[in-house]
Structures are given as structure tokens and as C-alpha cells.
Amino acid sequence: EADNGFSTGMIDIGSSATGSYFGYSKSLDTAGVTIGGAYSAGSDGGTSGDGAVGGGSGGTAYDMFVTASPADGLGIGFGIGTQDNNMGADVDERTMHITYAMGSITVGAMRATDETTGGTEHNSAGFGISANVTDDLSVSYQYLETEYDATTGADIVAEFVGLSAAYSMGNMSVRFFANEGENIGG
């Protein structure tokens with residue numbers, strides 16, 4: 001990943017329903033579709049999408065997702081989540097992705113939004129391409145960005161670019177990554 005090795009990276013869209021929760025997922029026979037969700041009646045002390053720990057909220061949270069493989073090599077997915085902390089700083093999250101693999105090449109892209117009532121909105125996007133050059137050697141390139149839509153002041157865009165390679169020989173592997181970031185942490 002292009003933000004690997006940094007003390008802070010792209011804003012992750014995590015699970016809103018944390019702690020004790022009820023979750024369910026079901027694989028359907030149609031086009032490789034999987035649906036699922038989670039619900040928490042009290043998300044006290046859970047983590048929000050930006051990794052921060054929320055405490056004393058006592059609010060509810062839910063997540064829902066759907067993934068599908070409608071064609072050979074194609075994968076798509078969409079997810080949403082909401083956390084109501086009963087203190088006015090509710091969190092709404094949305095994410096979607098698409099991947100396509102053909103032969104030894106795989107490409108993918110994602111887009112995500114994390115909105116906190118009265119706080120900074122995070123809009124993230126990324127894409128990557130990877131190739132299995134041989135059975136033993138793979139290389140990849142990734143680009144990620146997170147836009148911090150500040151409630152006051154100017155918006156800031158954090159960008160991450162990464163190159164990686166891996167070579168395997170039996171049980172041994174050598175891995176390399178070179179990542180670069182700008183405006184890290186917004």
C-alpha cells in the first residue's frame with residue numbers, strides 16, 4: 001500500500017458497529033453476490049472511521065455492504081455505515097471499489113467518504129495496478145489521496161504514491177517498497 005511505513009496514512013473507512021454487535025453476511029448464488037451488515041445498540045467506546053476512539057456516546061451504529069463478481073475477473077463492492085453518538089458528532093461513511101484481473105495483471109480503484117457532523121469531511125480515492133511478471137516476481141504501483149474538507153480554513157489533500165515488488169524462492173521471499181507522501185495527516 002502506498003501509505004505503508006508512515007505514522008499516519010490515508011483515512012480508513014472502518015466498521016461503525018464495534019464492541020458488542022450483531023452481524024450477518026450471506027453469499028447468494030447469483031453473480032457471486034455477498035450481502036451483509038452489522039448493528040450495535042450501544043457503540044460506547046468504539047472506533048470511528050478515522051481510527052479515533054469514541055467514548056461515552058451510548059449511540060447506535062450500523063454497517064451494510066454488498067459485493068459482487070458479475071463477470072470473470074471483475075469485482076465490485078459498496079458499503080455504508082453510520083454511528084450516532086448522541087452528542088451531535090454523528091459519523092456517516094460510504095465506500096465503493098472495483099477491481100479487474102486479466103491474466104497476470106490486476107487493476108483496482110476505490111472511493112470513500114467519512115463525514116462527521118460538525119467536523120472535517122474526508123474524501124479518499126485510490127487506484128493501483130499489479131502484475132505477476134513471473135511465478136516468482138510481482139510488481140505494483142499505487143496512488144492514494146485523502147482530501148480533508150475542513151470546516152474552517154483551506155482544504156488539504158494528502159497524497160501517497162507507492163511502488164512495490166516481491167520475489168519468492170521456495171519458502172523465502174524478498175519484498176521491497178518505496179513510498180512517498182505529501183501533506184500527511186492533513
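Quick caveat, the model's predicted, so the values are computed rather than measured.
- From Ile80, atom CD1 reaches atom CE of Met96 across 12.5 Å, with rounding to the nearest 0.5 Å.
- Rounding to the nearest 0.5 Å gives a distance of 11.0 Å between CD of Glu145 and CD of Glu182.
- With rounding to the nearest 0.5 Å, the separation of CZ in Phe176 from OG in Ser164 is 8.5 Å.
- Thr146 approaches Ser124 most closely through the heavy-atom pair OG1-OG, 3.0 Å.
- In the hydrophobic clustering of this structure, Ile129 groups with Leu74; members are Ile, Leu, Val, Met, Phe, Trp, Tyr whose side-chain heavy atoms approach within less than 4.5 Å, directly or through other members.
- Considering only residues two or more places apart in sequence or on other chains, Glu115 meets the salt bridge (Lys or Arg N to Asp or Glu O under 4.0 Å) condition with Arg94.
- Atoms OG and CG, from Ser40 and Asp84 in turn, are 11.5 Å apart once rounded to the nearest 0.5 Å.
- Applying the side-chain contact (heavy atoms from CB on, under 4.5 Å) criterion to Ala131, with sequence neighbours excluded, gives Ile105, Val139.
- Taking each heavy atom of Phe160 and Gly181 in turn, the nearest pair found is CD2-CA, 4.1 Å.
- Side-chain contact annotation: Ser140 with Gln142, donor-acceptor N/O pair under 3.5 Å present.
- The hydrophobic clustering, which links ILVMFWY residues whose side-chain heavy atoms are closer than 4.5 Å, places Leu163 and Val107 together.
- With sequence neighbours excluded, the residues that form a side-chain contact (heavy atoms from CB on, under 4.5 Å) with Ala166 are Ser138, Arg175.
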After noting the C-alpha distance and the side-chain angles of Thr113 and Glu121, does the key distance pass the side-chain contact (heavy atoms from CB on, under 4.5 Å) rule?
CA-CA 7 Å; Thr113 300; Glu121 178 179 324; 3.8 Å; yes
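- With Ile76 as reference, Ile98 is the one residue of Ile98, Val66, Val33, Thr99 to meet the side chain to side chain contact (heavy atoms under 4.5 Å, CB included) rule.
- Not counting sequence neighbours, the partners of Asp155 by the side-chain contact (heavy atoms from CB on, under 4.5 Å) test are Glu147, Asp149, Ala150.
- Closest approach of Gly37 and Phe65 over heavy atoms only: N-CE2, 4.0 Å.
- Between atom OH of residue Tyr167 and atom CG of residue Asp136 there is a gap of 5.0 Å, rounded to the nearest 0.5 Å.
- In this structure, the ring-ring contact (aromatic ring centres under 6.0 Å, His included) partners of Phe127, at least two apart in sequence or on a different chain, are Tyr143.
- Take Met102 and apply the side-chain contact (heavy atoms from CB on, under 4.5 Å) test, not counting sequence neighbours, and it matches Tyr100.
- Counting heavy atoms from C-beta outward, Tyr24 and Ile35 have side chains that stay 4.5 Å or more apart.
- What you find for Asn179 and Gly162 is that their closest heavy atoms are OD1-CA, 3.0 Å.
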